[in-house]
Amino acid sequence: MADKILRFGKDGVFKILMFGDIHGCAPSRDLFDPRIKDDVAKLVDITSPDFVILSGDIVGGRRGVGTAEELRAFLDYLIPSIEEFSIPWANVFGNHDWEDGCDPVSRPGMPKEVQEAVYESYKYCLSQA
C-alpha cells in the first residue's frame, strides 16, 4: 500500500482531482466505453493531482458490474491511469454502485463490502471499509 500520509507540496498546494458518475462496466459488457480510460488519463496528466477521489457511481446503473471479477476487470483497465503516476486515491460509493446494470431482480449486483475489498487491493488506494 502507498504511503498513507498525504502532504501539501512545498508550494503549500494540495490538488485533488475528483471523478464521479463514470458508470463504467467490465470490458466484456456490451456497453463498455474505452474512452473512459483515455479521458481519465488525460485529466490526470493535465492536472497533476496530489490525490484522486472516485466519488461514486464509478460502476453501476445502466452499465454496471455483476461480479468481483467484472469489477476488477474494469478497475484493472481504469486505475493504471492513476497509479502509473504513483498518485494516492480513494473511492466512496454512490447510489448506483451496487447495481449490476442488468435485471435488478435476478442480478442484483454486489454488496459494497465485496466491492470495497477489490478497491482496497490496489497499491495506491487509501480507502478503508
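Side chains included, hydrogens not; waters and symmetry mates left out as well; all remaining heavy atoms used.
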message = Would the distance check show the side chain of Tyr119 and the main-chain N or O of Leu75 forming a donor-acceptor pair, the cut-off being under 3.5 Å?
response = no
I'd like to know if the side chain of Glu70 and the backbone of Gly66 have a donor-acceptor N/O pair within less than 3.5 Å. yes
State, without any angle test, whether Arg72 and Thr67 hold a side-chain donor-acceptor pair at a distance under 3.5 Å.
no
N-O pairing of Lys123 and Glu83 below 4.0 Å:
no
- Query: Less than 4.5 Å apart, any side-chain heavy atom of Val59 and any of Phe74?
  - Reply: yes
Could you tell me whether the side chain of Asp57 reaches within less than 4.5 Å of the side chain of Ile22, counting heavy atoms only? no
Value for CD1 (Ile36) from CZ (Phe19), rounded to nearest 0.5 Å, stands at 11.0 Å
Can you find a heavy atom in the side chain of Val92 that is under 4.5 Å from one in the side chain of Leu54? no
With sequence neighbours left out, the residues meeting side-chain contact (heavy atoms from CB on, under 4.5 Å) with Lys15 are Thr47, Asp50
Review point. Is any side-chain heavy atom of Met110 closer than 4.5 Å to a side-chain heavy atom of Leu71?
Key: yes
Interatomic distance, CG@Asp76 vs OG@Ser121, rounded to 0.5 Å, equals 8.0 Å
Q) When clusters are formed by joining ILVMFWY residues with side-chain heavy atoms under 4.5 Å apart, either directly or through shared neighbours, do Val52 and Val13 land in the same one? A) no
One should read off an interatomic distance between Glu120 CD and Cys125 SG, to the nearest 0.5 angstrom, of 6.0 Å
Review point. Is there side-chain contact between Asn91 and Phe93, with at least one heavy-atom pair below 4.5 Å?
Key: yes
Look at the side chain of Ser55 and the backbone N and O of Met18, then say whether any donor-acceptor pair between them is shorter than 3.5 Å.
-> no
State, yes or no, whether a side-chain contact exists between Pro49 and Ile87 at a heavy-atom distance under 4.5 Å. yes
- Query: With a 4.5 Å heavy-atom cut-off, do Phe85 and Asp45 have their side chains touching?
  - Reply: yes
Task: Same cluster (ILVMFWY, side-chain, under 4.5 Å), Leu126 and Phe8 - done: yes
